[in-house]
Number of protein chains: 2
Amino acid sequence: MAKSQADRFSKEHQLLADLAKVLSHPARIAILEVLASRNVCVCGEVVAELPLSQATVSQHLKVLLEAGLITGEIEGPKSCYCVNWNRLAEVQSMLTKWFGDTIQLKLNCC
Amino acid sequence: MAKSQADRFSKEHQLLADLAKVLSHPARIAILEVLASRNVCVCGEVVAELPLSQATVSQHLKVLLEAGLITGEIEGPKSCYCVNWNRLAEVQSMLTKWFGDTIQLKLNCC
DNA sequence: TCTATTCATCGTATATAGACGATAAACAAT
DNA sequence: ATTGTTTATCGTCTATATACGATGAATAGA
């Protein structure tokens, strides 16, 4: 998408699409589940669970970080990542609201 | 992604990611809303509402079709598209379930 | 200080997505 | 039949996403 196309759509539509995009890769779904199921959140453990290289996992972690879905504390050699539960609930709420609002528009169409 | 990477992840993770990917573009969010808010569903009206060419809108419609989120009846020159309400509810349910299951794993992490 | 470990980032290569003009296909209406 | 309208698809170009080896940065421990 070119720069001039960045504001073709409403902020709300763009926001929703961006959220969906974060979840649009199985690796990121898997990473969220791994982090959610452990109280230890060291990066290396995530890498060990995934069929991807360390560099690739790190990239996916960055995407999740930038979306606020996880928090990360880079403590020297070891990085500790953790699910941002509040944000995750917020995203769930936004998606649920959109579905609810849209389905509510239901008319006898077609 | 190469072909050999198609089955790197579980079917469930892939399924969720695929669903999210369908919603990961503002045009498709907008199209769903347009279709949901009208009981007339002619393709041309969708094109008129979006800042995209007819060809591009048609591509997005195809993605939504393949995901089952809309139904389309190509009736000669005019195509009638319509939100597949059951499928939309199903997708909402799947996403909600994943969030619920994941959040339920919440531990005192980090 | 030196080494080993861990992880982010860079560089790069490939794949997919997105956009659109042009064209084809399918009719409706004359 | 011919014309006009509507929409799907093709071809192509560009942008973004994904993947990974290599490197650099940061630190713990010898």
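Residue numbers begin at 1 in each chain, while the letters A, B, ... track the order of the sequences.
Atom-to-atom, CG of B:Leu23 to C1' of C:dA17 comes out at 16 Å; the value is rounded to the nearest Å. B:Phe9 has its CZ atom 10 Å from the P atom of D:dT18, to the nearest Å. Atom C1' of nucleotide D:dA17 and atom CG of A:Leu64 are separated by 14 Å, given to the nearest angstrom. Atom-to-atom, CG of B:Leu52 to C1' of D:dT14 comes out at 16 Å; the value is rounded to the nearest Å. The CG atom of B:Asp18 sits 13 Å away from the C1' atom of C:dT16 (whole-angstrom rounding). In this structure, the CD1 atom of A:Ile29 is 12 Å from the P atom of D:dT18, given to the nearest Å. The separation between A:His60 atom NE2 and D:dT18 atom P is 6 Å, rounded to whole Å.
Taking the six-membered ring where the residue is Trp, A:Phe9 and B:His25 present perpendicular rings, their angle passing 60° and hence far from 30°.
In this structure the side chain of A:Glu49 never reaches within 4.5 angstrom of the side chain of A:Glu45, judged on heavy atoms.
Residue A:Leu35 holds its CG atom at 9.5 Å from OH of A:Tyr81, rounded to the nearest 0.5 Å. A distance of 10.5 Å separates OG1 in A:Thr96 from CG in A:Asp101, rounded to the nearest 0.5 Å.
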So which protein N/O to nucleotides 5-10 of chain C N/O distances come out below 3.5 Å?
unit_1	atom_1	unit_2	atom_2	d
C:dT6	O3'	A:Pro77	O	3.0
C:dC7	OP1	A:Cys43	N	3.3
C:dC7	OP1	A:Gly44	N	3.3
C:dC7	OP2	A:Gly44	N	3.0
C:dC7	O4'	A:Pro77	O	3.4
C:dC7	O3'	A:Ser79	OG	3.1
C:dA8	OP1	A:Tyr81	OH	2.2
C:dA8	OP2	A:Ser58	OG	2.5
C:dA8	O5'	A:Ser58	OG	3.4
C:dA8	N7	A:Gln54	NE2	2.8
C:dA8	N6	A:Gln54	OE1	3.1

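Without hydrogens or angle criteria, A:Arg28 side chain to A:Lys21 main chain gives a donor-acceptor distance under 3.5 Å.
Using a 4.0 Å cut-off, no side-chain N or O of B:Lys21 falls inside it from OP1 or OP2 of C:dT16.
Closest to the A:Arg28 side chain, of the nucleotides D:dG21, C:dC20, D:dT18, is D:dT18.
Take B:Glu90 and apply the salt bridge (charged side-chain N to carboxylate O under 4.0 Å, His left out) test, not counting sequence neighbours, and it matches B:Arg87.
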